[in-house]
Amino acid sequence: MLSRLVLVSGHTLKNSGSFGACLVQASRSFHQSSQSRAPVPPLPEKGGKVRHGIFPEELFTLLYPKTGVTGPYMLGTGLLLYMLSKEIYVINHETFAAASIGAVIIYGVKKFGPSVATFADKINEDKVAEAQEVKDQAMASLAQGIEDEKKEQWRVEGRCMLFDAKRNNVAMLLETNYRERLHMVTNEVKKRLDYQVELQNLHRRMEQEHMVNWVEQSVIKSITPQQEKESIAKCIADLKVLAKTTQARATV
């Protein structure tokens with residue numbers, strides 16, 4: 001009877017407004033605490049060790065130093081007997097239904113648990129592989145971006161040298177153009193000077209030819225017909241003497 005009174009009073013407190021307000025305030029304070037902004041630890045891939053399917057191993061290791069090896073079992077048995085004797089928990093048809101459902105669940109877990117776990121692990125591994133592939137692609141893309149950025153920085157550093165080389169090339173082109181124009185001016189001046197030299201040589205040669213022609217014509221005009229005849233006769237006589245001398249040498 002006492003247990004039923006406790007259950008009724010707990011149900012009344014649960015339905016009361018003050019109790020609900022306390023729960024809401026506690027939930028708000030919990031969600032607004034600094035722990036809600038703390039980083040969430042990663043979930044373990046495998047659960048901890050349990051005994052009999054539901055009792056964690058940590059409970060037994062906690063009670064071993066004080067109660068010994070049989071302490072947890074005696075504590076559980078005594079608690080169950082206390083609840084039954086005080087009618088805190090009353091055995092009825094729901095208890096047998098819960099036991100039947102629990103047995104079916106345990107059988108299903110023992111029978112189909114490994115295959116379902118394997119299937120779930122495969123799905124999880126596929127998702128992890130896809131996530132890892134996306135991560136690797138993102139890392140590769142970021143690494144390539146870093147390499148490109150380093151290359152661009154290297155190109156920016158070499159831009160000063162490139163500008164210096166371009167300035168030198170422009171200076172060399174200007175110097176070459178200046179030298180070509182200077183050479184062209186020199187050639188043109190030389191051509192004009194050569195033209196003047198040739199012109200003066202032509203005038204001198206024409207003057208000399210004119211002088212020679214004038215002297216020759218003057219000499220020819222100064223020769224009389226009698227002197228011409230005598231000169232021709234003298235030449236003929238010299239030729240005859242020269243022919244006789246040549247013939248005598250040939251006979252000897």
Side-chain angles (χ1 to χ4, degrees), residues 1-140:
M1 299 301 293
L2 181 61
S3 61
R4 293 178 181 177
L5 180 60
V6 171
L7 291 175
V8 171
S9 61
H11 183 70
T12 305
L13 288 175
K14 184 177 181 181
N15 293 330
S16 62
S18 60
F19 184 74
C22 294
L23 289 177
V24 172
Q25 185 66 27
S27 62
R28 288 180 180 177
S29 63
F30 177 76
H31 288 291
Q32 293 177 357
S33 62
S34 59
Q35 293 181 356
S36 61
R37 294 188 292 270
V40 180
L43 296 176
E45 295 183 0
K46 296 181 180 180
K49 294 182 179 180
V50 294
R51 293 189 183 184
H52 307 290
I54 57 174
F55 301 106
E57 182 69 23
E58 288 79 5
L59 178 62
F60 293 88
T61 56
L62 178 65
L63 296 176
Y64 278 166
K66 296 181 179 181
T67 61
V69 178
T70 59
Y73 299 100
M74 295 302 298
L75 177 62
T77 304
L79 182 60
L80 179 60
L81 294 176
Y82 174 77
M83 293 175 65
L84 292 175
S85 64
K86 295 297 182 178
E87 294 184 357
I88 297 175
Y89 181 79
V90 178
I91 298 177
N92 52 18
H93 63 283
E94 294 180 354
T95 303
F96 298 101
S100 301
I101 294 172
V104 172
I105 292 174
I106 293 172
Y107 175 78
V109 170
K110 295 294 184 180
K111 181 67 176 180
F112 305 103
S115 59
V116 174
T118 304
F119 179 72
D121 291 339
K122 184 178 179 181
I123 294 176
N124 190 20
E125 289 176 358
D126 294 338
K127 291 183 179 179
V128 171
E130 292 178 359
Q132 186 66 30
E133 183 178 0
V134 173
K135 178 182 176 182
D136 294 338
Q137 292 178 358
M139 292 293 291

key: Closest contact, heavy atoms only, Asn92 versus Phe96   = O-CD1, 3.2 Å
ask   = Is the shortest heavy-atom distance from the side chain of Leu63 to the side chain of Leu75 under 4.5 Å?
value = yes
query = Roughly how far, to the nearest 0.5 Å, is CZ of Phe112 from CZ of Phe119?
reply = 15.0 Å
inquiry  = Can you give me the closest heavy-atom contact between Val90 and Thr95, atom names plus distance?
reply    = O-OG1, 3.8 Å
ask   = Heavy atoms, side chains only, cut-off 4.5 Å: are Lys49 and Phe60 in contact?
value = no
task = Output the distance between atom NZ (Lys110) and atom CD1 (Ile106), rounded to the nearest 0.5 Å.
result = 8.0 Å
ask   = At what distance, to the nearest 0.5 angstrom, does OG1 of Thr118 lie from CD1 of Ile123?
value = 11.0 Å
task = Would you indicate whether the side-chain heavy atoms of Leu80 and Tyr89 approach each other to under 4.5 Å?
result = no
Atom CZ of Phe55: over 12 foreign heavy atoms under 6.0 Å = no
message = Could you measure the distance from the CD atom of Gln132 to the CD atom of Gln137? Nearest 0.5 Å is fine.
response = 11.0 Å
